Every structure is written in C-alpha cells, then in structure tokens.
Amino acid sequence: MTATGTKSAAAKAGTKVMTLLEAITDAMRTEMRNDDRVVVFGEDVGKKGGVFGATMGLFDEFGEKRCFDTPLSECGIVGTAVGMAVYGLRPIAEIQFLDFIYPAFDQIVSEAAKMRYRSGGEYTCPLVIRSPYGGGIRGGHYHSQSSEAYFCHTPGLKVVIPSTPADAKGLLVASIRDEDPVMFLEPKALYRHAKGEVPTGEHVVPIGKARIAREGTDVTVLCYGAMVPVCEQAAQAAAEQGRSVEVIDLRTLVPLDEAAVIASVKKTGRCVVVYEAPKTCGYGAELSAIVAEKCIEYLEGPIVRVAGFDTPFPYTLEHLYMPDQKRVLAGIDKTFAW
Amino acid sequence: MTATGTKSAAAKAGTKVMTLLEAITDAMRTEMRNDDRVVVFGEDVGKKGGVFGATMGLFDEFGEKRCFDTPLSECGIVGTAVGMAVYGLRPIAEIQFLDFIYPAFDQIVSEAAKMRYRSGGEYTCPLVIRSPYGGGIRGGHYHSQSSEAYFCHTPGLKVVIPSTPADAKGLLVASIRDEDPVMFLEPKALYRHAKGEVPTGEHVVPIGKARIAREGTDVTVLCYGAMVPVCEQAAQAAAEQGRSVEVIDLRTLVPLDEAAVIASVKKTGRCVVVYEAPKTCGYGAELSAIVAEKCIEYLEGPIVRVAGFDTPFPYTLEHLYMPDQKRVLAGIDKTFAW
Amino acid sequence: MSLELLSILDQDGKAQKGKDPNLPPKELQKLYRLMVATRALDDRGLALQRQGRIGFYLQSTGQEASHLGAAYALKDSDWLFPAYRQPGILLLRSVPIEQIVCEWFGNEGDTSKGRQMPVHYSFRQANFVSISSPIGTQLTQAAGAGMAARIRGDDTVFMTFCGDGGTSSNDFHTGLNFAAVYKAPVVFVCENNGWAISVPSSKQTVSESMAIKAEAYGMPGVRVDGNDVLAVYRVCKEAVDRARKGEGPTLVETVTYRIASHSSSDDAARYRDAKEFEAWKKKDPIARFQQYLKHKKLWTEAFEQECLEGAKADIAAAVKAAEARPNPGPETMFDDVYMNPTPQLKEQRQELHELMQKGGVGADVGHFPL
Amino acid sequence: MSLELLSILDQDGKAQKGKDPNLPPKELQKLYRLMVATRALDDRGLALQRQGRIGFYLQSTGQEASHLGAAYALKDSDWLFPAYRQPGILLLRSVPIEQIVCEWFGNEGDTSKGRQMPVHYSFRQANFVSISSPIGTQLTQAAGAGMAARIRGDDTVFMTFCGDGGTSSNDFHTGLNFAAVYKAPVVFVCENNGWAISVPSSKQTVSESMAIKAEAYGMPGVRVDGNDVLAVYRVCKEAVDRARKGEGPTLVETVTYRIASHSSSDDAARYRDAKEFEAWKKKDPIARFQQYLKHKKLWTEAFEQECLEGAKADIAAAVKAAEARPNPGPETMFDDVYMNPTPQLKEQRQELHELMQKGGVGADVGHFPL
Ligand SMILES: Cc1ncc(C[n+]2csc(CCOP(=O)(O)OP(=O)(O)O)c2C)c(N)n1
Ligand SMILES: Cc1ncc(C[n+]2csc(CCOP(=O)(O)OP(=O)(O)O)c2C)c(N)n1
Ligand SMILES: [Mg+2]
Ligand SMILES: [Mg+2]
C-alpha cells in the first residue's frame, strides 16, 4: 500500500489526489526526507504503520531509528519527545487516539508548553503531537472524544486541526517546522472520507490563517476539522432555502485568525459556532466570547452554539450526539429568530 | 493550632469566626464525625496537617486509618480514591497544589468523571478532590495556576469554588455528601485572608446556586473564588463613580446557576466576566457564550472578559498578571463604551 | 536474578507429582466447560463482527486458562477490576449470556446502556467493575478498593488484570506501589500474551520478566504458565489467601499468547511471525486441560459435545434474543452523567427532543475502524 | 534480595583499601571547595529568605557529596536534567554566582527572566536544563534526550536526579523503562534523603531499597553511601562510562539525609524525630571528606579559611550586585510563550501597557507560603 493515492492520472501536474490520511503520511515522509532531525514514534507506528495507517511505509523507508514503536506509555511518548526536542531533534509523537493522551497530560501541559517560557527562552520544545480525534466511526466512549479545548487553554501550545487533504499536508509540514510545540489533531472521521488534490512536493500552509470554505453574506458559521464538511452541507441546504452562509474553516485554533472571524461576522451580522466536543467550555465558547467582546454591535441575532452534548461520548447513540447538518441548520435558524 | 478560630467571643451563637482555611478543616471534621465512610488523604496531610494546614488536627482526632499520607503520586491519590469510592467509601483526596494534578488527569477525566455513565449507573464515584488553586501568594509558575476550565469541560465532574468561609464549609459538606465526583478548588489567596462567621454545626450550601455578593443595577460582574473580593472592591470603587455594580459569586461552575446569571444580566444590561486563568478558553469564555446565546438582546455593551493573560504564570510579575481592581474597573468601563 | 516459571501440567496434560491441587471432579469439569464456553463465545463474537452485525469484537482465544484459572481462586463476594480480555469470568460468575451479548449490540438490554464499545462490560451483580479502555487505570483502582476494604475491616479480595503492554502504564507503577505500601488485599494478574497490538513484549520492557517487577514494590512476584489452568489457579489461590490474611498484594505473571489478532480491527499477519504463532497454537490451554481430564477419566466425547454444543446453543439463543432488542432511547443519552441531570442536561435533552420531533436529526455515521 | 550499600570512606574519612579512586590532589581539593561553597550558598539563600529579601529558598545541606560526587563523573559536554536539590552542580559547572542569585530575586539578571520561584534554575551555558517543579518529569525527558543522542550518533551522557519521593512518580516508571528499552545513555540518580516533605521513605515504598527498582527495568541498580563523595563519584563514573560505551542506563541510589527542613516553607520539627536527625548530623559529608583530606595532608586551617571565606565573599558580592538589579520589565511577561508572540499576546501586551499608563494596575500580592 502506498500513500500517494491511485487517482494520480486524474490529478493536476504536481498534485495527486489523496485522502486526508495519505496527505498526512506524505507530509511526514516529505519532512523526514528534508530534515534528518525529524523522527516519528508511538504505539504501533513501526512495522504495523499505525492503527489507522498514518505511518505506513515510513518504517520501511527510514528504518527503525527514525520510525519506531514505543512501550505502551503516552507519558513516555510525550516525555521522551520533550527530551528529544530540547536536545535538538524534531520529534513527531503519535498518540493512538486522543482519548488516550491523558497519561501524557503532565508532560504536555507542565513541560512542553512551558519549557520555553520557564527557561527564559534558553530551552525550546519544537515537537508535534499528532493524534486522531473526534467521533463518527462508532468508536464509542473512549475512541471518539474531542478534547482540543484543554490544549487551547494551555498557553505555550499551538493547536492545529485540518479538514482537507491539502491542508493536512501543508499544516503538518508547517507544524513540523514550527519552533514551538504543536498539537496536530486529525479528524479521524475524515481520514478516508476527505479526498482531494494535494501538491506532491513542497507545500506549506501557514499556521494562524483561517480559510473561507464557502463565501456567504447572511450568517457566519465557524468550524474546524470534521465539522467543516457538515457545515458545508448545511450551508448548501440553507442556500436552497435562500440563506447565504459563510463557512469559515479555522484550521488553527491557537493562534486563532481572529481577524478573519471578526471580518466575517461584521459582514454577515450573524454567527453560529459548531464543534463536536461537549458544549460547556468547548473551544466554541471562546469563539462566542471573542465575537461578543469585539463585534457584538454588528450582531442581529444571538451567537448560537451547536455542539456535542454535555455528556461523555455514547456508543450506540453517537449519531444523535454529534452535530449534524440538521442541527447546524437549526442553529442557523436561531440566529434569524429575532 | 485549632481550626475553630480565636474570635469566637465576637461570633454569634452557633457560629464562629473562621478563616476560609479553618472552615475547610471544620467541614472535613464535621463530616468525618458524621460519616465513617469519609476518609482524607494525600501528600503530607497526616502528621504535618497539610502544607497549608487544611487537615490540621484530623490525624490526631481520627487516626491514621482515616487521615493518611500517601506516596508522591497524584495518579495514586486519585486512582485509589476512585477505587475507594466505587467500593463504598467517601474519599476526600487532597492534591497539594492544583498545578500538580496532571499526573492524575487520566484518572479524573477518563475514570472518575465517566464511571457512572459508562457503567450505565451500576458503579458510581462519589469522591471529592480538594486542591488549592490560583495566584496571589508569590508561588510563581507552578504554584499559582487556575485550571478549573479543564474540569468544567469534562462532563461527569462537578466543579465548586468557594469564596467565603461560610460557603467553604457549606459547599464542602455538600460536596462530600454528593453522589458524584466533585472538584473542590480552594482559592489559596483567601485561605487566611478571608475571615467570617461560620455555623459551627450542620451547615450545607447547596451545589448549583450562585450568590449575589453585591446587588447592583447597571452592570453585572460574574466571578468566583479569589476574584470575588477583587470584584467587590471594584464594585465599591465604581459605586463611588456613580455606577451600580452587581457582583455574582458563582460558587459552583458546574452545574452553573444559569438562571441567576441570566436574571442579573437581563436586569443590568451589561456584563463583565472576571477570572484569573489564562483568557483563551477559560471558564469565563463559557459565561460570555451563555450570555451571548441567551440574552444578548438585553445587552447595551460588549461582554467584556478580564482574565489572566495567555501566558504561563510568571513569578516576579505576578501582580501584573492577575486581574486586580483596576483591571476590573477598566473592564466595567468598556461595557459602557457604546 | 531469574524467576522460575511455575507449571503443573506438562504439554500432554500430566500433572507433576505433589503439585496437583486435586480439585474435585465436578469442579474440574466445570472449569473445562467454562473454558470451552468462553472460546465458543469469542468465536461467535468475532463472527458477528465479521457479519457486520456488531461493530467490534476482541477475542481471548488461548488465554482461557489464564483468566479463568485466576478468577476461579476467588470467592463470589470478591471483586474484579478487569481488563478487556477476560470474558470467561463473566461465565464463571454466571452472568446471563444474553446480557453479555446485549453489551455487544449496545442495546437497551446492555447494563452499560450502549455507552461503550463491545467487550467493555459492567456487571454489578457479579462484582465485576466496569471495564475502561484506557490501559492500566483499573490497577490503581483495585489498590484503592483494597485499601477501602482494609479501612472498613471486611475481608474482600480484589483481583485485577492487565496485559504485558499494561506494565508500561503509569497505573501499573502506581497501583502496585500503593497496594504494597498499604498492604491492600489485591492480586495483580499480568497476562503476558507476548504482544501489545504489534509491539512484542521484548520491546515493551527489557526486564527479566514481568513478575520480577514486583521487586520494585516489595511484593512477591510469581511467574506461571498461563496455558496451564491448574498452575494459574494454584498460584492465584495462594495469592488470594495471602491477601485475605492481610499479608498484602501479589503480582502474578501468566505467560501465555494472544492467538488471535489484537481485535477485529487488527491483522496480526502484518507484523507477526507465523512460526511463533504456530508454536503457541500447539500449547492450547483447552487441549492441554482436556488431556488432563482424560488421564483422570473425566472427559468423554459426550461430555465434550455437551460442553461445546451446550455453549453454542446457549449463545445462539442469547444472540437471537439480544439482537431483537431495541436500542436505548435517545433520552437515555442524558442519564447517568450525574445522579440527577443538571439544568443544562435537561435543556439539551429537550433541545434534542424538539429537533427529533421535527425529524431528520441523527445522520448515519461511519464504522470502527475506518 | 538485598543490594549492598557501597562506601569508600568510613566515618573517620579513612578510605577502604583498593576502592579509593585516587583522584589527583588538586581535584580532591576542588571537590572539597565546591562542597563548602555549596553549603555557604545554601546558608545564604536561607538567610535571605528569612530576612524577607527573597520569597523562597530550599537547601541541599547534607547532600553536597551526593550531587557533587555524581555530577563530577560527567564531562562538561554532558547534559543534566536536574531536580531542585543539586545547587552544587552550578558551581561545579562554573555558573557565575551572581546569575544564581539573580534567579532567587527573579530579576532581569535571571536567565529564566523571573518566571519561576527561587532555585528553579536554567543554565544553557552549563548544559543544565531548566528545572521544573512537578516531580519526576525530568526523568523521562532525560531518557528522550539520551535516545536523541543515540539517534544523532553522538556520545553525550545525560544525568538526571530525583528524590525518594520522586520514585513514586509516573515518570520514574516511564523514564527508566524507556531508557532501558532504547539503551539510552542516562544515569538516573535517586537521592534518597529519607523524606519527601513529611513522608518518610519507609512510607513511600516498601521495596527493599530504591536501587532495587532497577530490576523492574532490566538495568543495573546500585546503592551507594550518599554522604561519601568518593563512593558516589566512583559509582557514577562507572555508570557514566557504561552509558558512553552504549551499554545503557543505570539507576544509582545515593543514601543520604535531608538535614534541613524541606524548604523555607516547612518546619521539619512538626513531624520528624530529633534522634534520627542528630544521628545523621554526625555523618556530615563535608566533615567526612575533610578527614580524608587531612589523612592525605591536603587540608589545613588556611585552606579551610580560603574555601569558606572565599565562598562567602563571592556570594556576598554576588548578592550585592544581584539585589541592585531591577525586575524584568512588564512587557517581558509576554515573551517566550512562543518564539514569536501571537496576535492575541500582542494585543494583551498592548492592553496592559495602556492600563499601566493610566496608573495603578498591579496591586500588591501575598507571600509564599501563606
Ligand atoms: C492508555 C492507552 N493507550 C493506548 C491504548 C490503545 N490500545 C488498546 S489495547 C493496546 C495494547 C494492549 O496490550 P496489552 O496490555 O499487552 O494487552 P493485550 O491486548 O495483549 O491483552 C493498545 C495500545 C489504550 N487503550 N489505552
Ligand atoms: C507532582 C508533584 N506533586 C507534589 C509536589 C509538591 N512537592 C514538592 S517537593 C515534594 C517532596 C519531594 O520529595 P523527594 O522526591 O524525596 O525530594 P526531596 O525534596 O527529598 O529532595 C513534594 C510533595 C510537586 N512538586 N510535584
Ligand atoms: Mg499483551
Ligand atoms: Mg527525599
């Protein structure tokens, strides 16, 4: 199995059609070829190529020294990554599911995030923690959670979430080259569902710039990751009802492209925030708060959040838990309720 | 040293003047006398009585079986508490500083919070995790953080933060009696600074009810913990400038007394949210989002957040990092800027 | 320093003199029946997954002796903090098979109310604590429950399980240390089946064995042949007795092998040498125990039929009954977050209710794994 | 199984035959001078705290041999991932005392820019990695750095420290296991000073010793008299050499004693038996090493004066210079969160700037501990 896709015939020169997953592999391969400080490791990333296949082929190409399995310890995966980064490597640590990152939480929050600050800039921690997040694959309680807000609330971390294959590659390359620790969260629901053209060579998407996924004039929908296609579909459905929805794919949660958010809300006068994490204190609360603080005077309706419910993640009822097109549409409706 | 205070002469019948710290000790003593399932443990809580003295006297009164020191492992403190709670005790786990809770994060977020849900209600986890949080004592980088938002974003946990001695006792008693896991976060800056009358016997303050710390008509200030006295002072100063500020002490962050928040904002038409955690994705973002979703039409100004900056906690510059009266006043001003 | 690998049965099912625990014939047959039924249950679970009728399954094939021998050493009043690869214990503790199968479907008959993936059971009636996916967390919880029993002054013993991979978890270190410091009545069973998904135990740790890790906590560590049900039972019985007498915890390493792939999502052929696998297949714990029963004249073809066909019939009936049951209602999603729903949860429940009234909410989702 | 406690010097400073590493006289005197200076530094640090001139201090009194003997076994190009009780290493690595003292004040001369409490040093020039308060995290980081050195193919050795309390941390388990699995060139030094604040090491773990925990990771574990600087040096030198040769990590337990209270916030008299304390005071590592030097005719009253008064004078000068330096400017609070400040940080810096222009922002705060 190769990561470069099979539809290359259909692709433009210099690009190939890839799934989001293949684009991630491609980004790592590209950077491992570019920079021998880049190493990737985690549970099952070696011979097996990762439980989702994200590291497929890297063990064969780069050998065990640069692509290796670890003992079953997220604390160890991240803690050793911190040590490697401090000592000059560019580690990419894979956490098998974001739900399993908590044994490493101390190393992330107390160490990686604070190394530069607490040492007055003497020591830095340029590492990437890659992890699949979110629901939509019937993974139930412990294979579906979206905990990006924890990391967004931790100064010193950057938080990046792609929603398209091209962005996945370009943002991951940017993350690997970044001088600071980056949480690179991968919408596992899109791993094989999102397909698109991806530049095969050098391709960097800068951290901190949002993307207008769909232009519109009546209401702004802010989203990221696996919620982007859901919101795009909702926007399409709304268009059929005569409402012009602007969908902003944030791409990076920290640092947020606040200018893009505010410009769009000022233009449309309405705002819906969509995320699949539990509603309370989710990242969408931050988005609402920013809008309510900085451009409330432009609003013609409430800022509506469409989010996961404030329950742990269910298995059987997953389809009801996660925001879908209908719920986003209902959220859009609410902003017109005045 | 006794926990019952020295100014009892001045106190009303059935009450004593206590510091917030003494009130916490009193709550534990009361419940340990009431219910022999209640045990308290953590690092240095035994003979030493805790690094802040919160468990002073409990080892002597209840013996090592019910008040004991643990090895240096927050993972163990919380993980064993979960096992005890599942088996029928009512453990109170002390985490020495909230900054050191992360080794236990997995046990809190994946286990304590989810035990009831994932077992369909077969197993429950009635425990209290007590921990001093926040700045104001020159504890620097790792003895000052306010990470309540992480816990508020975790369905299954309740999050309680008192700001007065009477509430500290009443809310802690309620937390110990609660059938669900409670994060009981203690504003260490107020441990000895907050003094007040506390009922000496049975005293319960229900979880989920906010307190109007000061009534006002022009602007609502939402706050909790160590920010409450800061906001009260700011309200006093604002009153001198002719502005009537309503200060709401939330007391419990989860579940939030949303009705109280909304009623106040509807009344005043202005809202300032104050918290000492880093601004981005802090609990105050949730408060802003609720107001922006549920009563934005009543607002006559932006919802302003006064918070810690988005940096790790500094040592020397602590006094600039933490919101103080002047910053709250400036925040109030902004809501009048239209 | 090297720990001996204890065994009682040789590969032909002959018991070493003086080591046979001499269980009564009925009990031996019961154990055998349980092992056979456990495998049948696993086979059926995987088949249902392959047929697309359930979303996920994970087998314990080859490890029946390891977990059944261990749990058999307990009293029914003793508690279990299990991992996810000990399904036989449910049968040992007489959990109705239909309830087990309902868990796979995550339907309204599931004690966990459809909240977890298949094989993450919770059975209060069996003192079988809710299984968690995060590796290792149960170890510290078992230590805590053991501490609680000592505080309460009762004589419950706690048994908890982890894999070879689990020895690397934070909680392995913590759980064993706390249990030892407080002399908690806990038996830690590490089922070393050679693999943690694709990572061999030789890369998990370079310690002499898993059992020797007990030294780090000042507790006894024992290595036992995990495919020898009598040896596992004997070792665990001693550990349980010690625990009950207040002499503290024990670490038992059962040396066994994961015959199947890690789970229905995994294909072990990608990373595992066929030779190793074939060698272990020959050490099948059920076949070995069958030989022993034969030597004891406790096994007949008829008995075998009865065990296997009986199990299959029970499972088939359970699957049929379970599959017919509906899923939990949407409103149940908001239950059990807390004892009583918060105002926020009530509002969200209402919101969902209204949206569903309008129709259409709840699109189809993908499958695990992608 | 019991590990021997290695020592070279007896209580009278006599070296056991064949064990003396026979360091050159100058080196012996250098080591002594460092031990004396370390204690003088600690004394002054505590005094400044008591005088209210700095907010916090934490002494290493009684542990000078333990950390100096260990770090002395390294080359200057080797790296340290320290805990907070090894200040002598800064002197060994020639960090200017003024920089050390600036860290106590958290002023603009502090390499950490006043961001951490006193004694949480960072000195890039000395390959001394920023100290963290959370116990144990450095152990896994040292393992990772060691893995990185192997990947890069250089021969740097990494030494990292923890206390007896630190052995209970998640990272102790993880750091040692990863280092062993990847044969990382790391020396783990556990300074067992008997106490973790008020918790005696006997309640931290019931293992035979701390060194024996190495068994759990398949690495050598060594127990050494931590008040015997030559023994610590010798044991660590062997471990460093092994690491450099690619033979993997070692766990060294230095058996010593925390003579002072845990820190300036603690009063050990509340929980600690005076007898134990008195017994250990007699085993002072400096006095013992002084005896040894006397036997070797390397110690005179004049030399003592020179060591002690020299150190005191240097420290006094450093304190004077440091205390005169201003605090970091408010704008520095927003630096080093990331390499470049985010738009949000720039905005917040501007906001603070404007508020400060108006005056009054930044009220006085309390003191540590309350
Ligand atoms: C903390 C955590 N990290 C990763 C995983 C993903 N995972 C599930 S099972 C498994 C391997 C477990 O191996 P082992 O402990 O040997 O048990 P076995 O499956 O062999 O019974 C992994 C890595 C997890 N469930 N939890
Ligand atoms: C994770 C964590 N928990 C708690 C603390 C608070 N604390 C600081 S030092 C200490 C005791 C450490 O004891 P030990 O490891 O033996 O080192 P020593 O102080 O004796 O050198 C504790 C509990 C901390 N810093 N980090
Ligand atoms: Mg295994
Ligand atoms: Mg110690």
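From a predicted model like this one, the values you see are computed outputs, not experimental measurements. Letters A, B, ... are given to chains in the order of the sequence lines, protein chains preceding strands, and every chain is numbered from 1.
In this structure, chain D has a heavy atom under 4.5 Å from the backbone of A:Leu157, while its side chain stays farther away. Interface residue A:Val39: only side-chain heavy atoms are found under 4.5 Å from chain D. With a 4.5 angstrom heavy-atom cutoff, A:Lys158 touches chain D via backbone and side-chain atoms both. When heavy atoms are compared at a cutoff of 4.5 Å, D:Arg124 approaches chain A by way of both its backbone and its side chain. Only the backbone of D:Ile131 comes within contact range of chain A, judged by heavy atoms closer than 4.5 Å.
Two residues are said to be in side-chain contact when any heavy atoms from C-beta on lie closer than 4.5 Å; A:Thr124 and D:Met339 fail this criterion. Between A:Val86 and D:Trp79, the closest side-chain pair of non-hydrogen atoms falls below 4.5 Å.
With rounding to the nearest 0.5 Å, the separation of CZ in A:Arg118 from CG in D:Asp336 is 13.0 Å. To the nearest 0.5 Å, atom NE2 of residue D:His173 and atom OG of residue A:Ser73 are 7.5 Å apart.
There is no side-chain donor-acceptor pair under 3.5 Å between A:Tyr87 and D:Asn127. Side-chain contact, A:Gln107 with D:Gln141: a donor N or O sits under 3.5 Å from an acceptor N or O. Between the side chains of D:Ser130 and A:Glu122, no donor-acceptor pair is found at a separation under 3.5 Å.
Of all non-hydrogen atoms in D:Arg152 and A:Gly88, the two that sit nearest each other are NH1-CA, 3.8 Å.
Here A:Cys75 is the residue among A:Cys75, A:Pro126, A:Pro255 with the most heavy-atom pairs under 4.5 Å with chain D.
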